[in-house]
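Working notes for the structure below.
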Amino acid sequence: GWIVLVYIAYTTYGFDVAALWDAIWTHANPSVAFMTVDTIVLYLSVLLYIAYRDVTLVGKALLYTPFAGPGAACSIVMAGMELNRINS
């Protein structure tokens with residue numbers, strides 16, 4: 001799913017960051033702008049929770065993000081945190 005979304009964004013905007021910014025913020029419908037803020041805040045808050053538990057795992061989540069997407073990357077890291085907690 002994530003790779004498909006990245007592909008669609010790339011074919012639509014290429015490397016034109018200004019056009020992407022216009023689409024998700026400057027000239028976006030208010031609901032799209034809200035979802036942009038909501039997504040960023042949720043991602044950062046989950047990274048903050050991971051950092052609270054183990055700072056080194058934030059780097060792991062950041063490294064997984066381009067390949068798996070922000071939600072899946074954090075979920076993978078948090079699943080590992082739970083396995084470590086259960087097994088220790």
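Owing to the predicted nature of the structure, the values given are computational and were not obtained by experimental measurement.
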Show which side-chain atoms of residues 40-52 pair as donor or acceptor with protein atoms under 3.5 Å away, not counting sequence neighbours.
unit_1	atom_1	unit_2	atom_2	d
Tyr43	OH	Thr65	OG1	2.8
Ser45	OG	Val41	O	3.1
Ser45	OG	Leu42	O	2.8
Tyr49	OH	Arg53	NH1	2.7

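- As a member of the Ile/Leu/Val/Met/Phe/Trp/Tyr network built from side-chain separations under 4.5 Å, Trp2 groups with Ile3, Val6.
- In terms of the side chain to side chain donor-acceptor pair (under 3.5 Å) criterion, residue partners of Thr56 (sequence neighbours excluded) are, by chain and number, Asp54.
- Every residue two or more places apart in sequence or in another chain that forms a side-chain contact (heavy atoms from CB on, under 4.5 Å) with Ala19 is listed here: Tyr13, Asp16.
- Every residue two or more places apart in sequence or in another chain that forms a side-chain contact (heavy atoms from CB on, under 4.5 Å) with Thr26 is listed here: Trp21, Asp22.
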Can I get a per-line list of side-chain donor-acceptor pairs under 3.5 Å for residues 77-88, giving both atom names and the distance, sequence neighbours left out?
unit_1	atom_1	unit_2	atom_2	d
Glu82	OE1	Arg85	NE	3.3
Glu82	OE1	Arg85	NH2	2.9
Glu82	OE2	Arg85	NE	3.4
Asn84	ND2	Gly80	O	3.4
Asn87	ND2	Leu83	O	3.1
Ser88	OG	Asn84	O	2.8
Ser88	OG	Arg85	O	3.4

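- Residues Leu57 and Ile76 fall within the same hydrophobic cluster, defined by Ile, Leu, Val, Met, Phe, Trp and Tyr side chains chained together at heavy-atom separations under 4.5 Å.
- Side-chain heavy-atom separations under 4.5 angstrom define the hydrophobic clusters, and Leu5 shares its cluster with no other residue.
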Contacts table for residues 27-35: side-chain donor-acceptor under 3.5 angstrom, sequence neighbours left out:
unit_1	atom_1	unit_2	atom_2	d
Asn29	OD1	Ser31	N	3.1
Asn29	OD1	Ser31	OG	3.3

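- One N or O on the side chain of Thr36 and one on the backbone of Ile24 form a donor-acceptor pair closer than 3.5 Å.
- A pairwise comparison of heavy atoms in Ala68 and Ala73 identifies CB-N, 4.2 Å as the closest pair.
- Sorted by first and then second residue, the salt bridge (Lys or Arg N to Asp or Glu O under 4.0 Å) pairs involving residues 26-45 (not counting sequence neighbours) form an empty list.
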